[in-house]
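In what follows, a single structure is set out as structure tokens and then discussed.
To find a chain, count down the sequence lines: A is the first, B the second, and so on, and within it residues start at 1.
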Amino acid sequence: MPNAPYDYTAIEKKWQEVWEREKTFAASDDFSKPKFYTLIEFPYPSGAGLHVGHPRSNTAMDIIGRKKRLQGYNVLFPIGWDAFGLPTENYAIKNHIHPAVVTRENIDHFRQQLKMLGFAFDWDREVDTTDPAYYKWTQWIFLKLLEKGLAYKTEMPINWCTGCKVGLANEEVVGGVCERCGSEVVRKVKSQWMLRITEYAQKLLDGLDDVDFIEKVKSQQRNWIGRSEGAELDFEVKGLDEKLRVYTTRPDTLYGATYMVVSPEHPIIEKYKDRIENIDQVRAYQREAAKKSDFERTELNKEKTGVRLMGITAINPVNGREIPVWVSDYVLVSYGTGAIMAVPAHDERDWEFAKKFGLPIVEVVSGGDVEKEPYTDIADGVLVNSGILDGLNVAKAKQRMIDYLVEKGIGERKVNFKLRDWVFSRQRYWGEPIPVVWCEHCGCVPLSEDQLPLSLPDTDHYMPTDNGESPLAAMEDWVNTTCPKCGGPAKRETDTMPQWAGSSWYFLRYIDPHNDSCIGDAEKLKYWLPVDWYNGGMEHTTLHLLYSRFWHKFLYEIGVVPTKEPYQKRTSHGMILGANGEKMSKSRGNVINPDKVVEEIGADSFRLYEMFMGAFDQAIPWSTNGARGCKRFLDRVWRLMDMVTDDQGYSDGLMAEMHMTIKKVTEDYDSMKFNTAIAAMMSLVNSFYAAGSVTRGELETLLVLLNPVAPHITEEMWQRLGHAQSIAVSAAWPEYDEEKTKKDEVEIAVQICGKVRARLMTPATLTPGEAEAFFMARPEVKRLIEGKTVKKFVFIPGRLVNIVAV
RNA sequence: GCCGAAGUGGUGAAAUGGCAGACACACGGGACUUAAAAUCCCGAGAAGGAAACUUCGUGCGGGUUCGAGUCCCGCCUUCGGCACCA
């Protein structure tokens, strides 16, 4: 009697309820079992709900986790909400609903959508960054950073987003505009909380050698950290007791330094304003530079500009030559010393500037024509016009010059980083309050641990302000408090933390989410850390990933966590594009709604398609027909129940294919080649159909292999095959036997001079020694080489022979 | 400009230096059906040929090799990231 049709809606609902009721996927703190911690980036619960990109990453890690569970691991696959942040606050402002209410609604919606897709999350460990019980520990970490001198407040020019009315971290400014809203970013001097991530620059770089991150992520992090080696040295200023310090990666070219440049913000201008003969002109230039946004300074204004500081002359320390000092905005105040020695012969920027302003170009490395273009090759090139360095290659000359600078007390070796300290404060309402107060007597006083969490006060006035003050500043009842140290009157800090704060340590909280006395129990942290496998978007490589590594390294050093690195392995998924090949967006009208897809083909088919559509790390356009094809495959799997026999084993005819498929799927899941794993299972099912029947043993193996991708249908079929318990607890990952993956006979392609001319069945055991005699005796081969001389015979077992005959 | 990835049928794509196009989608044909849908079976890179088969074919040009989509050299294009970082 045929089975009922595949009613995915009922089946999926049924099993989601079973998993929830029986807590099938709860991780246990049984330290005797091997553990595996799989992690996805916890979603920001936006008002738009889940998009089809979320399930791509989630399904991938769900597959890895479910497979590991079937292989006997204690798997932790948690979920939570990165719920602070601007979009929620903006939505709240627009619709006059409190951000906390909006957040709760959005989370409820997301939770329901994720459950609909059947991810094997441990829902008992859900965390929410906006929950005071959670952000108590975010604030606690901040206090520790403050205590160790890694958090500080300073006046500095920050990236001010004119749209969001908030300061941004460097990492949040993309192409001169706000990463989030696209508005212009201008520089604004404000007092800001900063985190000294630069202190960890070298450690963040070194740590990359110990982890298994995809190369793209490593190189982007290295690039962002931007380590360079060189020297810092002083140039004396003629007639003044003053030295101008520069950083250079090319100390070897010092003899070719024909002028210097300081950034418009360099203090020497202010200090010698009375001496600079053209100070008005310089001031005008400074004002122009200050007005320009970073975008204009970099993108639109490649053309060099500058003004000479008349009356200021520097002396090249190695040859005593007097050289002019200029001010130009191509020198950045924020990097190195804010001043450079210019070597126009061997640096593109300096060359361009020298050409424009008619400054001398002196060749000190031979190999190019420095009048025509700068010669920047450091590989082969020999020093000339360089006194003590003449005749040396660049590498040796660098070394020699640094030794000389040290010997003469002019300078020393120096390593620089592009990485800047992290601008940590935001002038917005919907974030973690920074737990310090400002006391008239004691200055900045941190709250004590027992005063945490410092809750966000409830208010209806959470609009951002034009003057750049946090909305919290207007809440006098909350702001006015007493100093924890002296008990006198004090005011609370009113800036809040950026969204990156809560996400910098959330993976730790999953390990012990309800612990009220510390971040997490030490034994549990020791057992579960590091995260074994973390998948997420490339857009977080220089933001979240770098920030959280920084916090983790800090927590390691103060003894809170047991590992130097938070994540052992990091992979990344490709974006899902609209059917037209463009990025999905509301404005393009090409957004696919997961709810609709699940309604039409079911969660299993949806998951299957997301994994089958193409290589996991590449961007792929959505195809509704492709998704339907996956539904068709599950229909075929379902109907296998109409042709199943009672045989527990594998049939002889399919023995090799069964073992080969187990091997292929096992290996492909581990290397995230989900598309080919699924293709192998499709082929297997095609073989079952071709055979006209499937044994119970074969079907059960298929169900276990397919379970990580399509958990509901496989559970249902497993149960219908007579199993009382969930496949997740009653099945084991199938084993394969390498020997049995081989067939008795194999088809060998016969090439003559590299072209396939015939295909012959041969015993699989044919050895290279026997091959030549075997093939030469075959009539098909004889005919092909008739009248020719065999020059060479190549045999590749199991694949082909190539007979070179002329 | 620098760093990284990628260019393969009508489409999404497979392929430890070893039979290019697995597996799907779309398409065409057949079976079943009064009919349609669903399902099952078959076909299919291009050109030529009635067919056996032949030639060409993985962005372009060279090279290494018995053999190259894959390795090397030189280009072109696309997409990501970084970019006046001295």
*Give every residue pair that meets the salt bridge (Lys or Arg N to Asp or Glu O under 4.0 Å) criterion with at least one member in residues 669-684 of chain A, sequence neighbours excluded.*
A/Lys67-A/Asp670
*Classify the side chain of A/Lys304 versus the base of B/C84 as yes if they form a donor-acceptor pair under 3.5 Å and no if they do not.*
yes
*Stem ranges for RNA chain B, with three or more consecutive Watson-Crick or G-U pairs under 3.5 Å?*
B:1-7 with B:76-82, B:10-12 with B:23-25, B:27-31 with B:39-43, B:45-48 with B:53-56, B:59-63 with B:71-75
_Non-neighbouring partners of A/Glu772 that pass salt bridge (Lys or Arg N to Asp or Glu O under 4.0 Å), sequence neighbours left out_ = none
*NA contact type, A/Arg227, heavy-atom cut-off 4.0 Å: base, sugar-phosphate, or nothing?*
nothing
Distances under 3.5 Å only, N/O to N/O: pair up the protein atoms with those of nucleotides 18-21 of chain B.
residue: B/C19; atom: O2; partner: A/Arg759; partner atom: NE; Å: 2.5
residue: B/C19; atom: O2; partner: A/Arg759; partner atom: NH2; Å: 2.9
residue: B/C19; atom: N4; partner: A/Glu747; partner atom: O; Å: 3.4

*Listed partners of A/Glu41 passing salt bridge (Lys or Arg N to Asp or Glu O under 4.0 Å), at least two apart*: A/Arg570
*asked:* Across nucleotides 22-27 of chain B, 5' to 3', mark each nucleotide with B, S or - according to how protein heavy atoms within less than 4.0 Å reach it.
replied: BBSSS-
*asked:* Holding to side chain to side chain donor-acceptor pair (under 3.5 Å), I want the full list of residues that pass it with A/Gln220, two or more places apart in sequence or in another chain.
replied: none
*State which residues pass salt bridge (Lys or Arg N to Asp or Glu O under 4.0 Å) with A/Glu780; sequence neighbours excluded, sorted by chain then number.*
A/Arg778
*With sequence neighbours left out, what residues match A/Thr666 under side chain to side chain donor-acceptor pair (under 3.5 Å)?*
A/Trp733
*Would you mind listing every salt bridge (Lys or Arg N to Asp or Glu O under 4.0 Å) that reaches into residues 621-638 of chain A, with sequence neighbours excluded?*
A/Glu600-A/Arg628, A/Lys631-A/Asp635
*Taking only residues two or more places apart in sequence, or in another chain, which ones meet A/Asp252 in a salt bridge (Lys or Arg N to Asp or Glu O under 4.0 Å)?*
A/Arg250
_Under 4.0 Å, heavy atoms only, any strand: does A/Lys631 hit a base, just the sugar-phosphate, or nothing?_
nothing
*Give A/Thr248 one of three labels, base, sugar-phosphate or nothing, depending on what nucleic acid heavy atoms sit under 4.0 Å from its own.*
sugar-phosphate
*Would you please name every residue forming a side chain to side chain contact (heavy atoms under 4.5 Å, CB included) with A/Val804, sequence neighbours left out?*
A/Cys753, A/Lys791, A/Lys792
